[in-house]
Number of protein chains: 2
Amino acid sequence: MVTIYDIAAKANVSAMTVSRVINNTGKISEKTRAKVRRVMEELNYVPNQTARSLVLQQTKLLFLLITDIMNPFYTTLARGAEDAAKKSGYRLLFGNSDESLEKEADYVTTILTARVDGVLVAPAGDPSLPHLESLRRHHVPFVLLDREVPGIECDIVLGDSKDGARRLVEYLIERGHRRIAMVNGSSSISSARLRLQGYQEGLKLNDLPCDERYVYETSFGPLKDLTEMEQWIERMDPLPTAIVAGNNVLAIEAMKLLRDRGIGVPDDMSIVCFDDLGPYSESEPFLTVAAQQAYQFGYMGMQMLIERIDERGAAAALPWKKIVLPADLIIRRSVKDLAQ
Amino acid sequence: MVTIYDIAAKANVSAMTVSRVINNTGKISEKTRAKVRRVMEELNYVPNQTARSLVLQQTKLLFLLITDIMNPFYTTLARGAEDAAKKSGYRLLFGNSDESLEKEADYVTTILTARVDGVLVAPAGDPSLPHLESLRRHHVPFVLLDREVPGIECDIVLGDSKDGARRLVEYLIERGHRRIAMVNGSSSISSARLRLQGYQEGLKLNDLPCDERYVYETSFGPLKDLTEMEQWIERMDPLPTAIVAGNNVLAIEAMKLLRDRGIGVPDDMSIVCFDDLGPYSESEPFLTVAAQQAYQFGYMGMQMLIERIDERGAAAALPWKKIVLPADLIIRRSVKDLAQ
DNA sequence: TTGTATGCGTTATCAA
DNA sequence: TTGATAACGCATACAA
């Protein structure tokens, strides 16, 4: 490996002079600067970030941990985070926890040992608490995305899940739907809980009963086994006329199951969901969604994180910030108007 | 930061003893081992990978560079790479070049300075050559994915693009299509070139003319501006009865444009494409595709990479390996049978 | 404007 | 079975 000493020797200067040229610090004569530069090019020198990090105690590396790399919500969010990080001269690394606490724990280890300067985390759920405490204990600044974790105070970017879910339900009710079911993510996830609350609130505000057989709880993540959801659909009698899905993945999976049973959307069943579908949002049946501002989640979260890092060591710590982004109701064609 | 010396002091041993406990090397009495372990827990010690990498000259970190994090082909591939890396005790970091040479160059810098042990690269295209040469010059083992780059010899996992494209065309011809257009990625990308060749070959084998006005070249990546593609569609006279898309992104975008002009799929226009759509493969209109084994790309590529890393320093270097994975033709419902 | 000495946290080597 | 010392590649503080 070519080191700063190799450059120094070949350029007839000290290692320090080379270091100064690399970092543009101190005063260097143009002549030596040019000479050093030339030798660096010749030898294809690349500074060893490992050594640099060791002495500087910072890596200029940020980390984004998402829970489902197959979900357009998170990939769009990743693009936002990427752009914001780049703008501030940080590099960004990704990790994918797959909604698994175990993998999340693994990534926390990576993060800790890699000594990244900060982390953007979409936690797997409430049980992620020890992972976050671990980050906190080791003074790794982090910003939470999309999900709150009871027991930890921190900067966070959230969507207005309750409001969004309520609006989805009200939209359905306005179109004459009375039997509205919900398929949702795990209740150990704050956003899932809020979406359920919003759903229930929407029903109550319109004097509709909350039949718990119409609510099915599973995982937001990549679903391996759909037989349970299938059974749920079969058990519902009478069938609902509409289903609210807690996120886009669930909506897609539910639609597949319905289709397999000859139940078409929107003719035989209406479906709405949280989160848009990225590039696939305009595939039939043009799902009506409460679209979260995925890109902004990443972009604003990253800004908060970098702010937090830059102000590290400041006399008074800033109070924790919480950004709540509204969801946009995008009306497409997955809902049948029963009121006509 | 808690260091190995803090542990050593509190446990009344030397730093070396602590190091041995951490790494399970050398002979340690059970008593001291237990004592050291206890102190480590107490102080929440996490080894500093930065320091460790500096002395060991290896990071146990692998890198996966993809070109489009929004594309299910790459996210599925990423899952495969992740699984294979984990199996061998490596950690995996992701980067997203967005089909941009500039961002790719940036990530190469990250890779070089971060001293990762190896890289899986889906190159942006032929102009990626200098980036790969840079990796080679710095002895960073790498495996190419999905695209060849003329001028560099290395391990690589490819799809059989030419064969897949030809089969897509032949499928269309069998169903009575005669005017078949193609929208494709940049000709600076090997897989795009091969898909074009496969398309042309399919036509020629069936004595159909290759009208160059029926071929439109753009980018595989996130498309910002669709006006050019729109103009291409308008210019074609007569309209083709079918379009072959060089990848899934292009198929989706083309479909949107067609739909906006009132041209329905498959009734007014048939569409097929390379690459499946992940979770959205069963959205209407159920695209017929030449599905690549995305997960296998990642999994096998990662295996080759790790093999290469493990055998570094071996007397005789292994010859370069090339894996070509066939594409599976998945028939769904985006093609109209004109032959009936 | 340039150079010397030192330390970042860890492990390899050799000695005890 | 344990410990002292040096080294990994770089930047800070101070000296020249």
Side-chain angles (χ1 to χ4, degrees), chain A residues 1-37 39-40 43-61 109-117 138-140 313, chain B residues 1-37 39-40 43-61 109 112-117 138-140 313:
Chain A
M1 187 158 44
V2 179
T3 78
I4 210 169
Y5 286 101
D6 300 324
I7 310 297
K10 192 151 185 183
N12 278 316
V13 295
S14 75
M16 256 328 288
T17 302
V18 178
S19 173
R20 282 192 265 258
V21 170
I22 294 167
N23 299 294
N24 275 316
T25 55
K27 306 271 180 191
I28 301 278
S29 78
E30 269 315 314
K31 216 170 72 185
T32 45
R33 185 192 304 280
K35 188 170 53 181
V36 169
R37 285 249 169 82
V39 176
M40 292 200 302
L43 302 187
N44 289 310
Y45 172 72
V46 175
N48 186 327
Q49 184 61 42
T50 302
R52 188 182 262 168
S53 300
L54 188 57
V55 44
L56 291 182
Q57 305 281 33
Q58 61 150 344
T59 56
K60 278 286 171 182
L61 237 42
T109 306
T110 303
I111 287 163
L112 253 29
T113 59
R115 297 297 199 268
V116 301
D117 293 343
H138 291 96
H139 309 105
V140 180
Chain B
M1 187 159 45
V2 180
T3 76
I4 211 168
Y5 282 100
D6 300 324
I7 310 297
K10 192 152 185 183
N12 278 316
V13 295
S14 75
M16 258 326 289
T17 302
V18 179
S19 172
R20 281 191 266 256
V21 170
I22 295 167
N23 298 293
N24 275 316
T25 55
K27 306 271 180 193
I28 301 278
S29 78
E30 269 315 314
K31 216 170 68 182
T32 44
R33 185 192 305 278
K35 187 170 53 179
V36 170
R37 285 249 168 84
V39 177
M40 292 202 301
L43 301 188
N44 289 309
Y45 172 73
V46 175
N48 186 326
Q49 183 61 42
T50 302
R52 190 181 262 168
S53 300
L54 186 58
V55 45
L56 292 181
Q57 304 281 33
Q58 62 149 346
T59 55
K60 276 286 170 184
L61 236 43
T109 307
L112 253 27
T113 60
R115 297 298 197 268
V116 301
D117 293 343
H138 293 281
H139 309 106
V140 181

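What you see is a predicted model; the values in this text were computed from it and never measured.
Residue A:Val2 is the one, among A:Arg20 and A:Val2, whose nearest nucleotide of DNA chain D lies closer to the 5' end (criterion: closest heavy atom). The residue among B:Met16 and B:Leu54 whose nearest nucleotide of DNA chain D lies closer to the 5′ end is B:Met16.
Distance, B:Gln58 CD to C:dT10 C1': 13 Å, rounded to whole Å.
Within the structure, a side-chain polar atom (N or O) of B:Ser29 is placed less than 4.0 Å from OP1 or OP2 of D:dT2. Residue A:Thr17 has no polar side-chain atom (N or O) positioned under 4.0 Å from OP1 or OP2 of C:dT2. In this structure, A:Asn48 does not reach the D:dC8 phosphate: none of its side-chain N or O atoms is under 4.0 Å from OP1 or OP2. In this structure, A:Ser19 reaches the D:dA11 phosphate: one of its side-chain N or O atoms is under 4.0 Å from OP1 or OP2.
B:Thr32 comes within contact range of the sugar-phosphate backbone alone, with a heavy-atom separation under 4.0 Å but no base atom that close. If you check every strand for non-hydrogen atoms under 4.0 Å, B:Gln49 touches nothing.
On a pure distance criterion of 3.5 Å, no polar donor-acceptor pair joins the side chain of A:Arg115 and the base of C:dG9.
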Open item on the list: Quick one, A:Leu61 with A:Gln49, criterion side chain to side chain contact (heavy atoms under 4.5 Å, CB included). Give me CA distance, side-chain angles, the key distance, then yes/no.
Closed with: CA-CA 10 Å; A:Leu61 237 42; A:Gln49 184 61 42; over 6 Å; no
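Using a distance-only test at 3.5 Å, with no hydrogens or angles considered, a donor-acceptor pair links the side chain of B:Asn48 to the main chain of B:Thr50.
With sequence neighbours excluded, the residues forming a side chain to side chain contact (heavy atoms under 4.5 Å, CB included) with A:Ala114 are A:Val116, listed by chain and number.
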